[in-house]
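These notes are about the structure you will find just below.
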Amino acid sequence: MTTLTTPTIHHAADRVANLPADAIFDLAHTRKIELELPYAGAVTPVEAWTLFTQGKAKLVDVRTPPEFKFVGSVPGSVNVEWRGYDPQPLAVFLETLRRVASPSEPVLLLCRSAVRSDAAADAAAEAGYARVYNVLEGFEGQRNHSRRRGEIDGWRHRGLPWVQD
């Protein structure tokens, strides 16, 4: 007999930004200019969580399904794989993205370290997504001197909600 369990949600409620959505989108636009981004802008993990929990943006995780399931994911986020180990055509990513988010609504893209989500945001913007944003730092963050993630920055390091199967 299989026992179903509810995954533990890890969080720190005090980490949520106290900024209104418009101010966060303004900051994201400032980063677009500063970083010379080809898409709408970039948000920090805390800003992304704030926008997502306020219902102001969709959160799309572009990692592979095994990463999403076994490494952990943000509760309520949607997994739309950018490119797996066997690169899939760009059309598949865009077709799947269109099923979960319209090109006119704000979409926050998240990956392990903000590299794949940057590429996915660029492609989505080129395909007509006017309000697509990269989540800086990613879910696990950059590597430290020992080549380990999650100790310098990233979604989990910031103490934001996540679940793991």
Side-chain angles (χ1 to χ4, degrees), residues 6-63 67-68 71-82 93-94 96-144 148-164:
T6 304
T8 302
I9 297 177
H10 307 270
H11 61 79
D14 61 332
R15 304 283 179 154
V16 178
N18 291 324
L19 293 173
D22 289 343
I24 294 172
F25 285 124
D26 287 345
L27 282 169
H29 181 73
T30 299
R31 291 184 192 111
K32 169 194 171 60
I33 295 165
E34 290 172 352
L35 300 171
E36 299 178 4
L37 301 173
Y39 44 84
V43 295
T44 67
V46 172
E47 292 165 353
W49 179 246
T50 301
L51 292 171
F52 180 59
T53 57
Q54 290 178 0
K56 302 296 183 183
K58 289 207 173 172
L59 183 58
V60 177
D61 191 317
V62 301
R63 294 176 298 155
E67 286 175 291
F68 186 80
V71 175
S73 62
V74 178
S77 64
V78 179
N79 185 218
V80 177
E81 183 178 11
W82 165 237
F93 168 74
L94 293 172
T96 308
L97 183 61
R98 282 189 193 99
R99 284 195 297 253
V100 300
S102 100
S104 63
E105 65 187 312
V107 179
L108 312 171
L109 300 181
L110 175 70
C111 71
R112 179 184 60 199
S113 61
V115 174
R116 282 176 282 178
S117 53
D118 172 68
D122 188 10
E126 234 178 82
Y129 280 81
R131 301 187 69 198
V132 65
Y133 302 85
N134 186 18
V135 178
L136 299 169
E137 302 176 18
F139 187 74
E140 295 181 77
Q142 64 182 308
R143 292 181 188 158
N144 66 10
R148 292 190 177 144
R149 296 185 189 277
E151 296 178 5
I152 297 174
D153 61 8
W155 189 279
R156 292 189 329 184
H157 179 77
R158 302 283 175 213
L160 295 165
W162 61 282
V163 294
Q164 183 177 30

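The structure displayed is predicted, hence computed values, not measured ones.
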Gap separating the SG atom of Cys111 from the CD atom of Glu140, nearest 0.5 angstrom: 9.5 Å
Matching residue for Val62 among Asn134, Asp118, Leu109 - test: side chain to side chain contact (heavy atoms under 4.5 Å, CB included): Leu109
Expected output: side-chain Trp155 to main-chain Pro161 donor-acceptor under 3.5 Å: yes
Nearest-0.5 Å distance that lies between atom NE2 in His29 and atom CD in Glu34: 10.5 Å
Minimal non-hydrogen separation, Val135 against Ala48, with atom names: CG2-CB, 3.9 Å
Cation-pi check, Arg31 onto Tyr133 ring (under 6.0 Å, within 45° of axis): no
Point-to-point distance, once rounded to the nearest 0.5 Å, from CZ of Phe52 to CG of Leu110: 10.5 Å
Separation of Arg116 CZ from Glu81 CD (nearest 0.5 Å): 8.5 Å
Within 6.0 angstrom of Lys32 NZ, more than 12 heavy atoms from elsewhere: yes
Listed once per pair and sorted, the ring-ring contact (aromatic ring centres under 6.0 Å, His included) pairs that draw on residues 107-128, sequence neighbours left out: none
For the student: nearest non-hydrogen atoms of Ala130 and Ala40, plus distance: O-CB, 3.5 Å
Side chains of Phe139 and Arg156 in contact at under 4.5 Å (non-hydrogen atoms): yes
CZ on Phe68 to CD on Gln164, rounded to 0.5 Å: 12.5 Å
Derivation of the side chain to side chain contact (heavy atoms under 4.5 Å, CB included) call for Phe25 and Arg131: CA-CA 10 Å; Phe25 285 124; Arg131 301 187 69 198; 3.7 Å; yes
Arg63 and Ser73, any side-chain heavy atoms less than 4.5 Å apart: yes
Closest heavy-atom pair and its distance - Ala101, Lys58: CB-CD, 4.1 Å
Asp61 side chain vs Asn79 backbone, donor-acceptor pair below 3.5 Å: no
Where Pro45 and Gly154 come nearest, the two heavy atoms and their spacing: CG-C, 4.3 Å
Straight-line distance of Thr44 OG1 to Ile24 CD1, nearest 0.5 Å: 7.5 Å
Thr50, Leu136, Leu27, Leu108 screened by side chain to side chain contact (heavy atoms under 4.5 Å, CB included) with Val43, the one that passes: Leu108
Arg158 and Asp153, any side-chain heavy atoms less than 4.5 Å apart: yes
Least distance between heavy atoms, Ala121 atom then Val132 atom: O-CG1, 3.5 Å
Closest heavy-atom pair and its distance - Ala123, Leu94: O-CD2, 4.2 Å
